[in-house]
Every structure is written in structure tokens, then in C-alpha cells.
There are 2 protein chains.
Amino acid sequence: MVQDVARAGLSRERLIAAGAELADEEGFEQVTVSALARRFDVKVASLYSHLRNSQELRTGIALLALAELADRAADALAGRAGRDALTALADVYRDYAHEHPGRYAAAQLRLDPETAAASGGVRQAQLTRALLRGYDLPEPEQTHAVRLLGSVFYGYVSMELGGSFSHSSPGPEESWTRILDALDTLLRTWPTPSAPTPTGP
Amino acid sequence: MVQDVARAGLSRERLIAAGAELADEEGFEQVTVSALARRFDVKVASLYSHLRNSQELRTGIALLALAELADRAADALAGRAGRDALTALADVYRDYAHEHPGRYAAAQLRLDPETAAASGGVRQAQLTRALLRGYDLPEPEQTHAVRLLGSVFYGYVSMELGGSFSHSSPGPEESWTRILDALDTLLRTWPTPSAPTPTGP
DNA sequence: TGCATTTGCCTAAAGACTTTAGGCAACTTA
DNA sequence: TAAGTTGCCTAAAGTCTTTAGGCAAATGCA
């Protein structure tokens, strides 16, 4: 019983990349060590030389997605400011989620603090903060605004992908534009608290 | 070998309620037919007389959470308007997520269209729309605003629960308040596409 | 009250995924 | 080309899901 014993050329990198493709094609829920082994036409146990466990596979995909998002965000913001930059950054998230729904779902995985701190998520926050420089907000407010923008981008895209908007009249595209209009306005006229936060002594 | 053959008194209702508790205690990921059977000290197969499959269990928990959220939202909005109503509704989501993280995670499950249409999610959207009556927005804009509020509530709470805000300086509580301030302002000065906000000449 | 039917939980079993242990062949290197 | 390392393999145990069929308790009816 002679077999083709050519090696499959597995590696952590390739496995995670293939896992990301699998996620986009079949859904992140379907990403499994077994499915991945099938895709490489290899026995399941073989993957465990490259991955500690299935969690590492999922986490790897999440980190890949977060890094890709940060890269795209950096690209989108280069040379832009104000409303233009806001739209560009927002569209990075929306477009990525549409192109790579499985990866986007992976990016929402809860990571343990150290892993999260070393992820592209941090860079994304920095980039959002950079975007806000065009809006001239006082420092304590800037953090709040970063969080607002993150929430809207993340929330809107998740809800749209989840079909929350697919059964009422204006298409999600139109709301997206109008919401970005509104956020732009809001950032230009950001209300400071009546009793301003103590910035220092 | 005489056994205690008293019946466990299982029912779809009780199973889903217990599943919701399990979700809050152990995490929605850990909600499994097997774990539930263990909790009732009953054999796994017994649950399949009450549940078509494990998906039905998860969906049931999601629908329970969506209904509970809608109930709380209705309660919170009763007799309130404007900024007061906005805060009350927003806190419904945030408080619920903190009290019942497993159920909240369940509520984010993608439901098929018919199920979603019959869920508490619809009522939540209606209630959000009712809240906006206090802000007097023209009709096409109202839908956009509903979606914005939904996105912010959902996005912010998810990110906070996911730990996205736990490693930067102002606590999530403070940002929440400031963001609600900002949204209140935004809704009062909502920019319409034809007549842009008088930001300047 | 006694009998028949229904109901509720059981045993058994098969299939899928995860993970570990240990083996052999194919590469690498000297 | 012999020795060592690496890469994928077989084997096996554990968990979860789901279906089929069985027995006894609960219920309904005369």
C-alpha cells in the first residue's frame, strides 16, 4: 500500500491564513481544526504540531484581522483630514466586514488582556485618535470621542451584517452616509460638560 | 438496583430559563445541551423531547433576552422624554449586559428573518423610535437616528464588556455619560441633508 | 377501581471535533 | 552516507450532538 508521502508544507502562518479564508467562506463558527485539516488533505493530529489548540487558531485569525484592519486604517487616513478622513476610516471597517465577514467576526473575539494589548486593536485606537486631531477636541473629550466612533463603527457594521437593517425602508448605505454626516457635525460642535472636567491643578 | 425514578419536570420553558442562567454564569459559549442535562441531573437524550436541537436552545435564550430587554426598555421610557428618556433607555442596555452577560451575548445571535421579525428586537426598535418623538426629527432622518442609537448602545456595551476600554484612563462610566450628552446634543441639532447645520458662513 | 394510552426519562449507539502519545519516513547536515 | 531533526502519521480517549427504541409513571376513561 504505497502512499503519496509528499509533505503538505504546513506552518502556523499558512494554517491561520487558510483558517481566515475558511472563516470568510463558511463562517467563523465553522472554523475548526478538523475542517482545516480536511482543507489541507492532512490528518487532524498533524495540525497540532503547529497549533497549541483550536483556541490558538481562532485567536490567530482574530489577530490577523485586527492587523489587517489597522493597516487599512493607516492607509485610508494618510493624507486625509476632517470629514474626508472620517468617511475613509469608517468605510475601512464597513468594507472590510463586507469583504471578509468571517475575519470580521473573528476580530470580535474576546482576547485576554496581554494579547489584546499586543494586537492591531491598539493601533486602530491610535489611528482614530489621530483622525480626531482634525477636530480639535480638548483632551479628556478626545477619549470619549474615540470610544464613540469605535462603538458606532463596530455597532453599525455588526448590526448591518446581522441583518438588523435589512427589513426597514432606507437601505443601510443611506443611513451610513447620514450617520457619518451627523458624526462629523457632532465632532465639530462637541459639547463640553457644563462643569468642565478638572484637567489639572 | 432500585433507582429514584421521580421525574425531573423538564419543559421547554424551564430548559431555556436554566440555559439563560447557565449562560450568565459560565458564558454563552458554554451553553450546551450536555451541560444543561448535567444541571438537571438528567440524561442528555431526555432534553431532546423538549428541544429540537441545540440551536433551538440557543435561539430560545436569545429570544428570551430580546424580550426581557424590550420589557425593560418599555418600563424605562414610560413617563420620560428627551435627555432623560435617552439616558434611561441607554442604561437599560448597559445594565442588562452587566447583569446578564450571557443573555446579552445570546441576544447578538444571528436569527433567521422570520424569527427576528417575531422577536423583541422589533419592539426595541419601535421603542427607540418612540424616544425620538421627543426630538422632532423629519421622517427619513428618524430611521437613521434609530440606527445610530442602536449602533452606539450595542457597540459601546459590547466593547466595554469585551474589555476594550479597560486599559485607558477615563473609566467607561464617564465616557458613557459624555457620549449620551453628545448624542442628546446631536439629536437636538440633527443636520438634514438639504439644509446643512449652520456651522458657519 | 382497573385498564389502556400517553408522556417522560432512560439505554444504546453512531458521528463529529479536540487533544495527546508515540512511530516512521523524509529531510537536513556534517 | 550516517545521525539527528522534523513532519505527518496511526491510535485512542474524551466531549458534544442527535436519533431510535424501551420501560415505567402519569393520565384518562369506563
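Note on naming: letters A, B, ... go to the chains in the order of the sequence lines (proteins, then strands), and numbering restarts at 1 for each one.
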Nearest listed nucleotide, side chain of [X], among [options]:
X: B/Asn53; options: D/dC8, D/dT18, C/dA21; value: D/dT18
X: A/Tyr48; options: C/dA12, C/dT18, C/dC9; value: C/dT18
X: A/Ala45; options: C/dC10, C/dT20, C/dT19; value: C/dT20
X: A/Ser49; options: D/dT17, D/dT10, D/dC8; value: D/dC8
X: A/Val42; options: D/dC9, C/dT19, C/dC9; value: D/dC9
X: B/His50; options: C/dC9, C/dT20, D/dC8; value: C/dC9

Could you tell me the separation between the [atom1] atom of [X] and the [atom2] atom of [N], rounded to a whole number of Å?
X: A/Leu15; N: D/dG7; atom1: CG; atom2: P; value: 12 Å
X: B/Leu57; N: D/dT18; atom1: CG; atom2: P; value: 10 Å
X: A/Glu26; N: C/dC17; atom1: CD; atom2: P; value: 12 Å
X: B/Phe40; N: C/dG8; atom1: CZ; atom2: C1'; value: 14 Å
X: A/Lys43; N: C/dC24; atom1: NZ; atom2: P; value: 18 Å
X: A/Leu47; N: D/dC9; atom1: CG; atom2: P; value: 9 Å
X: B/Gln55; N: D/dT17; atom1: CD; atom2: P; value: 11 Å
X: A/Leu10; N: C/dC27; atom1: CG; atom2: C1'; value: 15 Å

Does [X] have a side-chain nitrogen or oxygen under 4.0 Å from the phosphate oxygens OP1 or OP2 of [N]?
X: B/Arg52; N: D/dT18; result: no
X: A/Thr32; N: C/dT18; result: yes
X: B/Ser46; N: C/dC10; result: yes
X: B/Ser34; N: D/dT17; result: yes

Open item on the list: With a 4.0 Å cut-off on N to O distance, would you call B/Arg147 and A/Glu160 a salt bridge?
Closed with: no
Task: Ion pair check, A/Asp95 and A/Arg72, cut-off under 4.0 Å - done: no
- [ ] Assign the ring pair A/Tyr156 / A/Trp176 to parallel, tilted or perpendicular, where the plane angle (0 to 90°) is split at 30° and 60°.
- [x] tilted
Task: Heavy-atom closest contact (B/Leu77 atom, B/Leu89 atom, distance) - done: CD2-CB, 4.0 Å
- [ ] List the steps, then state whether side chain to side chain donor-acceptor pair (under 3.5 Å) holds for A/Tyr104 with A/Asp24.
- [x] CA-CA 9 Å; A/Tyr104 191 76; A/Asp24 287 334; over 6 Å; no
